[in-house]
Amino acid sequence: PTMASLTSFGTSVGGHDIMGLAAGNPDRRIALVGAIHAGESGPELMIPAVERLLTENPELLRKTGVAILPSVNVDERERLVTGCPWYLRTNARGVDINRNFDADWEEVDFNYGLVSNDPDAATYRGPKPESEPETQAVTAFLDAVRPKAILSYHWLACITGARFLAPRLAKDDADYLNACNALVDPFIAAFYPDPENRWNAGLCFGSSTGSLPAYAYRTLRVPCFDIENDGNPEAGPASADETTPELLSVYQERHYRGILAILKTISK
């Protein structure tokens with residue numbers, strides 16, 4: 001209790017609290033955001049990582065810190081927990097939260113062969129920027145925690161790899177690229193210690209308009225990434241909702257090592 005605090009940063013469309021937890025030094029911390037897309041990753045990776053940091057690395061948390069918003073799309077995540085169906089992306093109003101941020105929102109995005117201004121599309125951006133209470137909760141969380149970097153967790157069925165998608169609109173910003181690589185490189189080295197077996201782990205510029213990384217670049221000027229699958233066939237079962245407890249445990253360990261590596265980097 002002396003090193004961690006729990007706060008509600010808003011409520012969902014369905015009226016559920018969107019809870020965040022902060023641990024450690026508030027002046028030098030990173031933020032982790034999960035389950036923006038309900039059927040993807042977040043709490044199962046983040047909460048164990050913070051528990052381990054508090055129990056195994058309390059001295060590090062005096063130098064640096066971590067804040068998590070593990071389940072943004074809490075309404076639809078709860079539908080998944082109760083079994084209906086196995087994958088949901090948008091919030092309860094059919095809006096893709098990761099297209100709803102006020103960052104070049106007006107530019108239509110065509111990722112996945114879908115059109116972000118189509119209300120029937122799974123990437124629908126919403127009627128206006130930050131129209132959704134979940135989006136507003138994320139921005140309130142970031143305003144409160146003032147992170148040095150932001151990791152937004154994606155992929156499928158509770159796990160994700162080490163593919164870091166930075167905003168496309170930042171691809172020509174050399175200073176931003178250097179700041180991103182300074183965090184991505186130690187994360188990947190800890191995530192995949194064997195340099196010969198890192199698949200497609202690394203940094204690329206792929207996050208869409210209206211996404212959290214685009215918002216962080218435009219507004220906060222800090223490194224921010226959508227963390228996605230890196231092509232490791234070991235993660236293949238997640239694409240069919242077949243993540244096992246054993247596979248989840250492997251990815252919990254990898255993400256803990258990666259988060260720990262970033263915290264050690266920014267603590268220097």
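Along the sequence shown, residues are numbered consecutively beginning with 1.
Between the Glu40 side chain and the Tyr153 main chain, no donor and acceptor come within less than 3.5 Å of each other. Side-chain atoms of Arg89 do not come within 3.5 Å of backbone N or O of His37 as any donor-acceptor pair. Thr219 places no side-chain N or O within donor-acceptor distance of the main-chain N or O of Ala216, the cut-off being under 3.5 Å. Side chain of Asn100 to main chain of Pro129: no donor-acceptor pair is present (N/O by atom type, distance under 3.5 Å, no hydrogens or angles). Listed for the Tyr176 side chain is a donor-acceptor partner under 3.5 Å among the backbone atoms of Val222. Asp230 contributes a side-chain N or O that, together with a main-chain N or O of Asn232, makes up a donor-acceptor pair within less than 3.5 Å. A donor-acceptor distance shorter than 3.5 angstrom exists from the side chain of Thr243 to the backbone of Ala157, with no hydrogens or angles considered. Side-chain N or O atoms of Thr265 include one that pairs as donor or acceptor with a backbone N or O of Ala261 at under 3.5 Å. Side-chain atoms of Ser41 come within 3.5 Å of backbone atoms of His154 as a donor-acceptor pair (strictly under, hydrogens ignored). The backbone N or O of Trp155 lies less than 3.5 Å from no partner atom in the side chain of Asn229, so there is not a single donor-acceptor pair.
Atoms CD1 and CG, on Ile227 and Leu151 in that order, are 3.5 Å from each other to the nearest 0.5 Å. One finds the CG atom of Leu248 at 12.0 Å from the CD atom of Glu253 (value rounded to the nearest 0.5 Å). Here the CG atom belonging to Asn57 is positioned 7.0 Å from the CG atom belonging to Leu61, to the nearest 0.5 angstrom. Note that OG1 of Thr135 is 10.5 Å distant from CG of Asp102, once rounded to the nearest 0.5 Å. Interatomic distance, CD1 of Ile36 versus OG1 of Thr90, reported as 13.0 Å (0.5 Å rounding). The CG atom of Asn91 sits 5.0 Å away from atom CD1 of Ile97, with the distance rounded to the nearest 0.5 Å.
Both the sub-6.0 Å distance and the 45° axial angle are satisfied by Arg221 relative to the ring of Tyr217.
Using a 4.5 Å heavy-atom threshold, the side chains of Pro133 and Val13 count as touching. By the 4.5 Å heavy-atom criterion applied to side chains, Ser131 and Arg93 are not counted as neighbours. Using a 4.5 Å heavy-atom cutoff, the side chains of Leu53 and Leu263 are in contact. Counting heavy atoms from C-beta on, the side chains of Asp109 and Arg125 never come closer than 4.5 Å. Put simply, the side chain of Ser116 reaches to within 4.5 Å of the side chain of Val108, judged on heavy atoms. Within the 4.5 Å cutoff, the side chain of Ser267 has heavy atoms near those of the Leu60 side chain. Two residues are said to be in side-chain contact when any heavy atoms from C-beta on lie closer than 4.5 Å; Leu165 and Cys204 meet this criterion. Proximity of Ile30 to Ile259: side-chain heavy atoms (C-beta onward) are separated by under 4.5 Å at one or more points.
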As a quick check of understanding, evaluate side chain to side chain contact (heavy atoms under 4.5 Å, CB included) for Leu177 and Asp173, giving each step before the final call. CA-CA 6 Å; Leu177 173 63; Asp173 187 333; over 6 Å; no
Before you tell me yes or no, could you show the steps for Lys63 and Glu59 under salt bridge (charged side-chain N to carboxylate O under 4.0 Å, His left out), namely the whole-Å CA-CA distance, both residues' side-chain angles and the distance that decides it to 0.1 Å? CA-CA 7 Å; Lys63 299 177 183 178; Glu59 289 302 319; over 6 Å; no
Pair Leu156, Tyr87 - check side chain to side chain contact (heavy atoms under 4.5 Å, CB included), show working. CA-CA 8 Å; Leu156 288 169; Tyr87 180 78; 3.4 Å; yes
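Shown are Phe205, Phe191, Phe187; of these, the ring pair (Phe, Tyr, Trp, His ring centres under 6.0 Å) with Phe164 is made only by Phe187.
The minimum heavy-atom distance linking Trp199 with Pro233 is given by the pair CH2-CD, 3.4 Å. In plain terms, the two heavy atoms of Ile159 and Leu247 that are nearest each other are CD1-CD2, 3.8 Å. Minimum heavy-atom separation, Gly206 to Asn111: O-ND2, 4.2 Å. Taking all atoms of both residues into account, the shortest heavy-atom contact from Ala31 to Leu142 is CB-CD2, 4.1 Å. For the residue pair Cys158 and Leu45, the shortest heavy atom distance occurs at O-CG, 3.5 Å. Residues Arg29 and Ala144 come closest through the heavy atom pair NH2-O, 3.8 Å.
No single ILVMFWY cluster, assembled from side-chain heavy atoms under 4.5 Å apart, contains both Leu80 and Ile18. Hydrophobic cluster membership differs between Ile47 and Val74, with clusters built from Ile, Leu, Val, Met, Phe, Trp and Tyr side chains linked at under 4.5 angstrom. With hydrophobic clusters built from ILVMFWY side chains whose heavy atoms lie under 4.5 angstrom apart, Val72 does not share a cluster with Ile68. Under the 4.5 Å side-chain contact rule for hydrophobic residues, Ile150 and Leu69 share a cluster. Note: the hydrophobic cluster containing Leu88 does not contain Val81 (ILVMFWY, side chain heavy atoms under 4.5 Å, direct or indirect links).
Using a 4.0 Å cut-off between a side-chain N of Lys or Arg and a carboxylate O of Asp or Glu, Glu132 and Arg99 do not qualify as a salt bridge. Taking 4.0 Å as the cut-off between side-chain N and carboxylate O, Arg218 and Asp104 count as a salt-bridged pair. Ion pairing of Arg168 with Glu107 is absent here, as no side-chain N (NZ or NE/NH1/NH2) approaches a carboxylate O to less than 4.0 Å.
Classified by interplanar angle (parallel below 30°, tilted 30° to 60°, perpendicular above 60°), the ring pair Phe141/Phe9 is perpendicular.
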